[in-house]
Enquirer: 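After the structure tokens below, expect a handful of questions from me.
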Amino acid sequence: MKHDDRVRAALRLLEALTASPEHAIERAYACDLLSCTTPELESYCELLSTLADRETGARAIVTCTEDAVSLTGTAGALQPLRLSLEEGIALSHVLGALNIDRDASERLTSSLLSKQDAFGSSQTLIASTTSYGTCYQRLSEAIEDGVRCRVWYRAHDDAAAAPRLIDPARIDTEDAAAYLIAWNVEKDEERRYRLDRVSSVEFTEDSVTRHVWSERSLTASLSSSGTLVTVECSHARAMQLTWAGIASVSAAPEDPDRVCLSVHVTSEHWLFDEVLAAAGDMKIISPGGFVCAFVRYARNLLAETIDTPQA
């Protein structure tokens with residue numbers, strides 16, 4: 001079969017997977033739909049698994065078992081996107097605050113949240129910026145088999161990865177990242193770990209034990225534990241933000257082309273890095289303690305840069 005024919009067949013399979021409420025279809029149905037053999041179907045799955053976002057390298061995860069073909073996460077979903085920035089942020093906040101059924105929330109999000117204005121035109125997007133890291137498969141096996149693990153995880157404020165002994169429960173996909181929901185055995189508390197910050201996974205000989213899970217979304221978790229910070233940025237930059245902690249958005253009082261965002265923050269260094277990455281297009285308005293801490297952080301980075309010998 002010619003390469004173009006394989007691509008067309010793979011995209012048709014992707015359309016069918018995206019249209020399915022569970023992002024999964026029976027293998028026999030897939031073969032009938034594409035008029036193909038099982039080896040050919042597996043080759044289409046492999047082809048779809050090469051889809052990646054250019055900026056982050058996030059890949060679509062398509063698996064073919066004896067019974068079904070499934071698309072995991074939203075990295076390869078075809079998503080019609082419609083809402084404006086203000087409407088999208090309001091929808092994200094409401095979905096997180098109401099703690100409605102997860103499947104319904106995901107269907108609403110994928111159907112309505114819009115990036116149309118940010119890209120200048122309406123378009124169908126293949127591959128989101130969701131990153132599953134390098135340990136997704138290993139962690140999925142641990143969840144399925146109920147195995148206690150030791151993971152090496154680098155939090156945003158950490159210089160290097162450190163080990164955590166965990167009981168893995170599930171993997172949640174947010175707009176910009178995938179998270180492992182697990183029980184930290186040593187702290188005896190539920191924790192959420194970004195998959196792209198897990199560098200290694202080691203299975204132990206122990207099985208997971210029973211825990212009481214909160215089932216809270218990332219938005220709800222940030223709302224309950226984060227500090228509410230107000231930042232100001234241009235409307236164009238705000239359109240591209242995928243922060244889960246955004247609580248509200250309003251017009252900047254002195255400039256109609258800029259907006260103020262109220263966002264729940266659990267890591268001040270994360271926010272500082274986001275502000276620096278905006279190259280002057282974003283600033284912290286309140287609270288004052290965050291403003292002062294940001295100034296110290298930026299000065300320390302500048303001092304480190306000056307003191308570093310040039311090659």
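Positions are given from 1 along the sequence. Given the structure is predicted, the values throughout are model-derived calculations rather than measurements.
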Enquirer: Measuring from atom OH of Y179 to atom CZ of R197, what distance do you get when rounded to the nearest 0.5 angstrom?
Expert: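 So the gap between those two atoms works out to 7.0 Å.
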Enquirer: Using modelled atom types and a 3.5 Å cut-off, is there a donor and acceptor pairing between side-chain atoms of Y153 and backbone atoms of R194?
Expert: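 Yes: the side chain of Y153 pairs with the backbone of R194.
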Enquirer: Tell me whether Y193 shares a hydrophobic cluster with Y136, the cluster being built from Ile, Leu, Val, Met, Phe, Trp, Tyr side chains joined at under 4.5 Å.
Expert: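 Both belong to a single hydrophobic cluster.
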Enquirer: Any idea which heavy atoms bring V69 and A30 closest together, and the distance?
Expert: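 Minimum heavy-atom separation between V69 and A30: CG2-CB, 4.3 Å.
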Enquirer: With clusters defined by side-chain heavy atoms of hydrophobic residues (ILVMFWY) lying less than 4.5 Å apart, directly or transitively, does V7 cluster with L33?
Expert: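 L33 and V7: one cluster.
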Enquirer: Working note: V229 + S262, criterion side-chain contact (heavy atoms from CB on, under 4.5 Å); need CA distance, chi angles, decisive distance, verdict.
Expert: CA-CA 6 Å; V229 181; S262 296; over 6 Å; no
Enquirer: As an exercise, state the distance from CD1 of I143 to CD1 of I171, rounded to the nearest 0.5 Å.
Expert: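 The CD1 atom of I143 sits 4.0 Å away from the CD1 atom of I171.
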Enquirer: Go through the steps for D257 and H235 under the test side-chain contact (heavy atoms from CB on, under 4.5 Å), then give the verdict.
Expert: CA-CA 6 Å; D257 293 327; H235 188 278; 5.7 Å; no
Enquirer: List, by chain and number, the other hydrophobic cluster members for V212, where Ile, Leu, Val, Met, Phe, Trp and Tyr join if side-chain heavy atoms come within less than 4.5 Å, directly or indirectly.
Expert: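 None, because no other hydrophobic side chain comes under 4.5 Å of this residue.
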Enquirer: For R148 and V185, work out which heavy atoms get closest and say how close.
Expert: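 Scanning both residues, the minimum pair turns out to be NE-CG2, 3.7 Å.
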Enquirer: Using the side-chain contact (heavy atoms from CB on, under 4.5 Å) rule, take E202 and W152 through it: C-alpha gap first, then chi angles, then the decisive distance, then the call.
Expert: CA-CA 9 Å; E202 177 184 283; W152 274 257; 3.9 Å; yes
Enquirer: Can you hop from L241 to L228 via hydrophobic side chains spaced under 4.5 Å?
Expert: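 The answer is no; the residues belong to distinct hydrophobic clusters.
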Enquirer: Using atom types as modelled and distance alone, determine if a side-chain donor or acceptor of R27 lies under 3.5 Å from a backbone N or O of T38.
Expert: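 Flag not set: sc R27 to bb T38 has no pair under 3.5 Å.
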Enquirer: Taking all non-hydrogen atoms of both residues, which atom of R138 and which atom of F203 are closest, and how far apart?
Expert: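 That would be O-CZ, 3.5 Å.
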Enquirer: Would D281 and R258 satisfy salt bridge (charged side-chain N to carboxylate O under 4.0 Å, His left out), going step by step from the backbone distance to the final call?
Expert: CA-CA 9 Å; D281 191 25; R258 297 179 68 80; 3.2 Å; yes
Enquirer: With a 6.0 Å cut-off (strictly less than), is the heavy-atom count around CD of E144, excluding the residue itself, greater than 12?
Expert: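 Atom CD in E144 is not crowded, with 12 or fewer foreign heavy atoms closer than 6.0 Å.
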Enquirer: Parallel, tilted or perpendicular, judged at 30° and 60°: which one describes the rings of W213 and H211?
Expert: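 Taking H211 first and then W213, their aromatic rings stand perpendicular (interplane angle over 60°).
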Enquirer: Just verifying a value: how many Å separate D273 CG and S267 OG, rounded to the nearest 0.5 Å?
Expert: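 One gets 8.0 Å once the value is rounded to the nearest 0.5 Å.
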Enquirer: Find the distance between CD (E190) and CD1 (I181) and round it off to the nearest 0.5 Å.
Expert: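 So the gap between those two atoms works out to 6.5 Å.
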Enquirer: Test of understanding: clusters of I, L, V, M, F, W, Y form through side-chain heavy atoms closer than 4.5 Å, transitively. Do F290 and I246 belong to the same one?
Expert: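 Same cluster.
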Enquirer: State whether the side chain of R164 and the backbone N or O of A162 hold a donor-acceptor pair below 3.5 Å, judged by distance alone.
Expert: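 Confirmed, R164 side chain pairs with A162 backbone.
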Enquirer: Is the shortest heavy-atom distance from the side chain of F294 to the side chain of L276 under 4.5 Å?
Expert: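 Heavy-atom side-chain distance check passes, below 4.5 Å.
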Enquirer: Tell me whether E141 at atom CD has more than 12 heavy atoms from other residues, nucleotides or ligands lying less than 6.0 Å away.
Expert: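 Enclosed.
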Enquirer: Checking side-chain contact (heavy atoms from CB on, under 4.5 Å) for the pair L271/Y297: CA distance, chi angles, key distance, verdict?
Expert: CA-CA 11 Å; L271 178 63; Y297 182 76; over 6 Å; no
Enquirer: If Ile, Leu, Val, Met, Phe, Trp and Tyr residues are connected whenever their side-chain heavy atoms lie under 4.5 Å apart, and connections chain through other members, are V231 and I285 in the same group?
Expert: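 Different hydrophobic clusters.
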Enquirer: Quick check: closest heavy atoms across V275 and M282, and the distance to 0.1 Å?
Expert: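 V275 and M282 have their closest heavy atoms at CG1-O, 3.4 Å.
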Enquirer: Tell me, do C233 and V259 make a side-chain contact under 4.5 Å, heavy atoms counted?
Expert: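 Side chain of C233 against side chain of V259, heavy atoms only: contact under 4.5 Å found.
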Enquirer: Which pair of non-hydrogen atoms, one from P168 and one from L180, has the smallest distance, and what is that distance?
Expert: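 Taking every non-hydrogen atom into account, CB-CD1, 4.0 Å.
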Enquirer: Only one of L165, D188, I166, T209 forms a side chain to side chain contact (heavy atoms under 4.5 Å, CB included) with W183, so which one is it?
Expert: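 The passing option is D188.
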Enquirer: Any side-chain heavy-atom pair from E40 and L34 closer than 4.5 angstrom?
Expert: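 Not in contact.
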Enquirer: Going from CZ on R237 to CG on L261, what distance comes out if it is rounded to the nearest 0.5 angstrom?
Expert: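 These two atoms lie 11.5 Å from each other.
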Enquirer: Can you tell me if Y29 has over 12 outside heavy atoms packed within less than 6.0 Å of its OH?
Expert: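 It does not: Y29 OH has 12 such atoms or fewer within range.
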Enquirer: So, for V198 and C135, which heavy atoms are closest and what is the spacing to 0.1 Å?
Expert: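 For V198 and C135, the tightest heavy-atom pair comes out as O-SG, 3.6 Å.
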